[in-house]
Amino acid sequence: MRYLNIGARHPRVGVFDFTDCEGCQLQLANKEETLVAFLQAVEVVNFREIATDASDDYEIAFVEGAISRSDEVERLKKIRERAGVLVALGSCACFGGVNRMKNAFDLDEANAEVYGGTPKETLPVRSVKEVVPVDLEIPGCPVSKDEVERIVRHLVLEVPFSFHAYPVCVECKQRFTTCLMERGQLCLGLITRAGCEAPCPAGGLGCWGCRGPAEAPNYEEFFALAKERGFGEAEINERLGFFGGFEGIKVGEAR
Ligand code: SF4
Ligand code: SF4
């Protein structure tokens, strides 16, 4: 990458996955129009999804996935020791993601139900920051490749990055999407951090909050608006609990 004809350094990068679907890594690998520029900006030394060579000599580690087994805890700690900068990539890594719903069940019972007489080790799901210190979190299920590219540029040039403080609603207005709440759907865009460019409402689906809370979300006003439109507490709480980003937030409970 060159800017004003000044060559930037190319940090060595590793990309690692834990309990997840690997969809965020795929986002990095599948946007072909910018893949060459991305690979010129960094030196990828460990990225199982796209390369067979694997080195432990990396400066920046992108960690995708939630942590749900003891071997994952040990592996993550080793990655943390080696990496100068550790970035949590995607909602699984940032919040536990959809995996976090597992924590609402008795794990022994669930294990027996799924695996019968051959139970598998499974711990309550944790986000990456609940296990090791994290330098930067990039939320999204999956992450937005455009946003990741912007953040990589900041990391390469060592310039701090700030996320939007405002909610997804603002991005709906920017792209002239009719409000889904006005069309009778429940939508978490009022309280969810922007940055995805609101693809779900634009496609006719209310936001499920995969990017977690915006800065200073007005929960009481959101709950009042949702109830006014006939949505019940169970439905609102189910939506809030889906990606793990609103952990501890429930309608009808004091904050
Ligand atoms: S955040 Fe979503 S897309 Fe990314 S790994 Fe988790 S489930 Fe997959
Ligand atoms: S609109 Fe909501 S659910 Fe859809 S990508 Fe954005 S934050 Fe995630």
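Residue numbers run from 1 in the order of the sequence given.
- The distance between the ring centers of F16 and Y58 falls below 6.0 angstrom.
- We find the SG-CZ distance between C210 and F243 to be 5.0 Å, quoted to the nearest 0.5 Å.
- Looking at K129 and D135, no side-chain N of the basic residue comes within less than 4.0 Å of a carboxylate O on the acidic one, giving no salt bridge.
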* Could you check H10 against Q40 for side chain to side chain contact (heavy atoms under 4.5 Å, CB included), going step by step and ending with a plain yes or no? => CA-CA 8 Å; H10 302 134; Q40 282 171 349; 5.7 Å; no
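- Separating the CG atom in N218 from the CZ atom in F223 is a distance of 10.0 Å, to the nearest 0.5 Å.
- Salt bridge status for E130 with R100: present, with a side-chain N to carboxylate O gap under 4.0 Å.
- A distance-only check finds no donor-acceptor pair linking the side chain of Q185 to the backbone of L180 [under 3.5 Å].
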* Check the pair V44, V15 against side chain to side chain contact (heavy atoms under 4.5 Å, CB included), reporting the backbone distance first and the verdict last. => CA-CA 8 Å; V44 175; V15 182; 5.5 Å; no
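- A donor-acceptor contact closer than 3.5 angstrom is absent between the side chains of E197 and S144.
- Atom CD of E49 has more than 12 neighbouring heavy atoms from other residues, nucleotides or ligands inside a 6.0 Å radius.
- Using a 4.0 Å cut-off between charged side-chain N and carboxylate O, K145 and E33 make no salt bridge.
- The cationic atom of K227 (NZ for Lys, CZ for Arg) does not lie both less than 6.0 Å from the six-membered ring centre of F222 and within 45° of the ring axis.
- Of all heavy-atom pairs between F163 and R193, the closest is CB-NH1, 3.7 Å.
- With salt bridges taken as basic N to acidic carboxylate O contacts below 4.0 Å, none links E74 and R69.
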* Asked: Between I138 and I151, is a side chain to side chain contact (heavy atoms under 4.5 Å, CB included) present by the stated rule, with each step listed?
  -> CA-CA 9 Å; I138 310 179; I151 290 170; 3.6 Å; yes
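- Side chain of E64 to backbone of F18: no donor-acceptor contact under 3.5 angstrom is found.
- In this structure, CD on E238 lies 14.0 Å from CD on E233, to the nearest 0.5 angstrom.
- Around CG of D53, the count of heavy atoms belonging to other residues, nucleotides or ligands within 6.0 Å does not exceed 12.
- More than 12 heavy atoms of other residues, nucleotides or ligands sit less than 6.0 Å from atom CZ of F161.
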* Asked: Can you check side chain to side chain contact (heavy atoms under 4.5 Å, CB included) on K250 and L240, steps first, answer last?
  -> CA-CA 7 Å; K250 280 188 163 52; L240 286 167; 5.6 Å; no
* **Verdict with supporting geometry, K102 and S68, side-chain hydrogen bond (donor to acceptor under 3.5 Å, both in side chains)** => CA-CA 10 Å; K102 184 181 83 166; S68 69; 4.5 Å; no
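- Within 6.0 Å of atom OH in Y166, more than 12 heavy atoms from other residues, nucleotides or ligands are found, so the atom counts as buried in its surroundings.
- Heavy-atom contacts from other residues, nucleotides or ligands closer than 6.0 Å to CD of E113 number 12 or fewer.
- Atom SG of C92 sits about 4.5 Å away from atom CG of N99, to the nearest 0.5 Å.
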